[in-house]
Structure formats: C-alpha cells, structure tokens
Amino acid sequence: MSDTGIRALTTHNLLKAYGQTASRPAKESGFGDLLQQSIAKTDLAQKQSDQMVSSAIMGQEKDLHRVMIAQEEAALTFELFMEVRNRLMDAYQQIMQMQV
C-alpha cells in the first residue's frame, strides 16, 4: 500500500492495478484467470491489513490512520468479491432453472 492517499478510480488506475496498461491490449485471459487475480488481490489486502494490525499492536506502526485505511481497504475488497460471487451464484441458479 502506498502513502499517496486515496487514489481516483479511473480506467487507467484500474488497468494499472491489474498489471495492464491502456496503451496495449491485455493478453488473452479467460474468466478463470480474472477470478484467480481477484482472489489473489483480496488475499493480499487481507494479509497486509493483518500485518499492519500486528505491527500496531507491537508498537512498531505509529500511524493508526494507515492501519485503519488498510483494514477498510481489505474489508471493501472482500465485500466486493463476495458480492460478485453472490451475483455469479444467482446467475448460475437462474440458468439451471431454465427450460430447454
């Protein structure tokens, strides 16, 4: 996590977060790859948050604002991932109920 503060959610920043640039197209990647990247980013945010909380408890991290921001970022990342998962499950259930 950087000390630059809150970053604007622009297409360029979102592409940059996933290791792609707007000038060149992304490699051919499937939905599974995107899902694995999302899981990895959610896991990384959780681990960073846990590490910062541990540092704060041990007295190594003095800036509590950074700790709280890391916790909120991890919580929002997890919440977004769970919402996407719920939407996918709903779509799957609707497809399974379709008459063929």
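Note that this is a predicted model, so its numbers are computed, not measured.
Taking CZ from Arg66 and CD from Gln48, the interatomic distance works out to 10.0 Å, rounded to the nearest 0.5 Å. For the atom pair CD of Glu61 and CD of Gln51, the computed distance is 10.0 Å after rounding to the nearest 0.5 Å. Note that CD of Glu72 and OG of Ser49 are 9.0 Å apart. Values are rounded to the nearest 0.5 Å. Rounded to the nearest 0.5 Å, atoms CG (Leu88) and CD (Glu83) are 10.5 Å apart. Atoms CZ and OG, from Arg85 and Ser38 in turn, are 14.5 Å apart once rounded to the nearest 0.5 Å. Here Asp90 contributes atom CG and Arg87 contributes atom CZ; the two are 8.0 Å apart, rounded to the nearest 0.5 Å.
Met52 and Ile57 end up in the same hydrophobic cluster when Ile, Leu, Val, Met, Phe, Trp and Tyr side chains are linked at under 4.5 Å. Phe31 and Ile39 fall within the same hydrophobic cluster, where Ile, Leu, Val, Met, Phe, Trp and Tyr residues are linked whenever their side-chain heavy atoms come under 4.5 Å apart, directly or through other members.
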(message) One pair to check against side chain to side chain contact (heavy atoms under 4.5 Å, CB included): Asp63 and Val67. What are the steps and the verdict?
(response) CA-CA 7 Å; Asp63 189 5; Val67 175; over 6 Å; no
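With a 4.5 Å cut-off on side-chain heavy atoms, Leu35 and Phe81 count as touching. Contact of the Asp33 side chain with the Gln36 side chain is registered, since non-hydrogen atoms from C-beta on lie closer than 4.5 Å.
Judged as a side-chain contact (heavy atoms from CB on, under 4.5 Å), and not counting sequence neighbours, the contacts of Tyr92 are Met96.
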